[in-house]
Trainee: 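Let me begin by handing over the structure; questions about it come next.
Numbers restart at 1 for each chain; the letters A, B, ... are given by sequence-line order, proteins then strands. Since we're looking at a predicted model, the values are computed, not measured.
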Amino acid sequence: MPLSLFNTLTRQKERFEPLVPGKVGLYVCGPTVYDYAHIGNARPVVVFDVLYRLLTRLYPDVRYVRNITDVDDKIIDRARENGEPMESVTARTAEAFHQDMAALNALPPDIEPRATAHIAQMVRMIERLVAAGNAYEADGHVLFAVPSMPDYGRLSRRSRDELIAGARVEVAPYKRDPADFVLWKPSPPEVPGWASPWGRGRPGWHIECSAMAETHLGETFDIHGGGLDLIFPHHENEIAQSVCAHGGAPLARYWVHNGFLTVEGEKMSKSLGNFFTVRDLLGEVPGEAIRLTLLGAHYRQPLDFTRDALRQSKATLDRWYGALRAVEDVPAAKDTAPPDELVTALEDDLNTPLAISHVHALVSSLNKSTETAERAALKGTLLAAGDLLGLLRRDPTEWSRGDAAAGGIDAAAIEDLIQRRKDARKGKDFAEADRIRKELADQGVILEDGPGGTTWKRA
RNA sequence: GGCGCGGUGGCAGAGUGGUGAUGCAGCGGACUGCAAAUCCGUAUAUCCGGGUUCGAUUCCCGGCCGUGCCUCCA
């Protein structure tokens, strides 16, 4: 079954065909690095990581570009508040972002361009837009002239009139048209800035993505991804800039947007106190449980992120790793592929919930199997399925034993108690054996008596 | 006000014009010295009202409810 994706441009699920056979260019809007990534930021990263893994499986040459926005007024504000240079804010935050996303098993993109390294490309693009009559200088700013682009609003399906009618913000006096947006703005001396034909200044929000996409993927590429909230104005404006700077060549052929996330049924916001950073959550549950939670709903559906969902994802992974733990002594079959139905589910517009149900089926088969060759085959298939989804990468025993919580009982002490319980059982002193079981249970350690002896795991 | 999305069992969450996946929780059973894990079995759902159809949860219209965006905010 061929890959199909829901294209925001046409509001339809379309069969995916790369522009150049065998070769795929993917651009995803990355973070503005001024603070830790929150769980809402993590959703597109994880969703497009699955797409990247799938594309890599289907096509020999995939180039995944995800930018880092390291110049922005929010960053500048943060730097001023902290009394530190913008560069130290962005370096620190980008590093934290990398750590957090790695903890979610998100692969790094092939190229991670930074806005500040592409100022020259932005300036050149703006110059082209001015020369072509699509942009103008006014009051130290350079603005994109929206009326110069007849197709403006196609992605978000808004007419210019609607935009103006719905505008909530006062229109800057230097704009020729209320819908015009900033390409370049002046920087006062205390604000970071770069020399340009229009004086010292800094780029507007949208131009960086146009310039970086052009630099690393060319004028027209295959897939552009991001959150639903970016459709307007960000992606609409990106299209306007790029298309006009490229003589009408389309920017991306498929626009893929992930849905929004709520927390415990409410919009995440700092004032509601339900604002979770990935970093906070990683202190409570393994990153893999966060990842599975994010993949538990279809990417275009709204996702309600709850403690209960997180707990359930952890329980699911416990079961999956439990099945792997039972076949630790069986070498996985080599060169195994994920099940066809799982690949098919992902090819159908990234139906991760359906794909996950196929993992459940695999785990169930593995638990039931008693024949060594079959178990080896199933183990290989399960690991291949996990690889495609970015799951089940850890050692199963290590997973089940978890990390000794601060003050928790350590592995050596547990083993010692298990030995003492074994002696008690040998002497039919079940009261003592049960006392030890209870003692460990009270510390979150569960004992499992199997044919090969007693093993343990943390609850 | 404009544009958009969604309403499926106790919870989460897919598919589908014709016996409604999957997981968690529940109940019963097997296994276990007791457990845990696992396995087997089992009850429970398509917001409301119209329309199209032999037949709609699925398509169309209306309503109700929830929710997102509406230009520097990612």
Trainee: Is there a side-chain contact between Asn367(A) and the phosphate of U38(B), meaning an N or O under 4.0 Å from OP1 or OP2?
Mentor: no
Trainee: Does the cation-pi check pass for Arg176(A) over Tyr136(A), that is, NZ or CZ under 6.0 Å from the six-membered ring centre and within 45° of its axis?
Mentor: yes
Trainee: Using atom C1' of each nucleotide, how far apart are A14(B) and U46(B) to the nearest Å?
Mentor: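 Roughly 13 Å separates the two C1' atoms.
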Trainee: Within the structure shown, what part of the strands sits under 4.0 Å from Gly296(A) by heavy-atom distance: base, sugar-phosphate, or nothing?
Mentor: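 Answer is sugar-phosphate: Gly296(A) comes under 4.0 Å of backbone atoms only.
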Trainee: I'd like to know if Glu288(A) pairs up with Arg291(A) as an ion pair, taking the criterion as any Lys NZ or Arg NE/NH1/NH2 lying under 4.0 Å from an Asp or Glu carboxylate oxygen.
Mentor: no
Trainee: Select one nucleotide: of G23(B), C40(B), A14(B), the one nearest the side-chain heavy atoms of His360(A).
Mentor: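 Selected nucleotide: G23(B).
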Trainee: Taking atom P in both C27(B) and G63(B), compute the distance separating them and give it to the nearest angstrom.
Mentor: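 To the nearest whole Å, 44 Å.
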Trainee: Kindly say if Lys74(A) contacts the phosphate of C72(B), meaning a side-chain N or O under 4.0 Å from OP1 or OP2.
Mentor: no
Trainee: Provide the Watson-Crick or G-U wobble partner of U22(B), both distances under 3.5 Å; none if there is no partner.
Mentor: A12(B)
Trainee: Please confirm whether the backbone N or O of Asp387(A) pairs with a side-chain atom of Arg53(A), one donor and one acceptor, at under 3.5 Å?
Mentor: yes
Trainee: Starting the side chain at C-beta, find the nucleotide from A35(B), C39(B), G4(B) nearest to Ser364(A).
Mentor: C39(B)
Trainee: On a whole-Å scale, what distance lies between the P atoms belonging to A74(B) and C69(B)?
Mentor: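 Between the two P atoms, the distance is 14 Å.
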Trainee: For the C1' atoms, the ones on U57(B) and on C48(B), what distance do you get once it is rounded to whole angstrom?
Mentor: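 One C1' to the other, the span is 14 Å.
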Trainee: Look at the side chain of Asn41(A) and decide which nucleotide, out of A74(B), C11(B), A37(B), has an atom nearest to it.
Mentor: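 That would be A74(B).
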Trainee: Of the nucleotides G33(B), G6(B), A74(B), which one has an atom closest to the side chain of Gln301(A)?
Mentor: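 Nearest to the side chain of Gln301(A) among the choices is G6(B).
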Trainee: Is the shortest distance from a Lys or Arg side-chain nitrogen in Asp318(A) or Lys457(A) to a carboxylate oxygen in the other one below 4.0 Å?
Mentor: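 No salt bridge links Asp318(A) with Lys457(A).
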Trainee: Considering only atom C1', compute the distance from U19(B) to G55(B) and round it to an integer number of Å.
Mentor: 13 Å
Trainee: Closest to the Asn351(A) side chain: U22(B), C72(B), G15(B)?
Mentor: G15(B)
Trainee: Nearest to the side chain of Lys175(A), which nucleotide is it out of U38(B), U71(B), G13(B)?
Mentor: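 Nucleotide nearest to Lys175(A)'s side chain: U71(B).
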Trainee: Can you see if the side chain of Arg325(A) gets near the phosphate of U38(B) - specifically, an N or O under 4.0 Å from OP1 or OP2?
Mentor: no
Trainee: Go through A36(B), A21(B), G33(B) for me and flag the one nearest to the Ile446(A) side chain.
Mentor: A36(B)
Trainee: If the C1' atom of C70(B) is compared with that of G62(B), how far apart are they to the nearest Å?
Mentor: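 That atom pair is separated by 26 Å.
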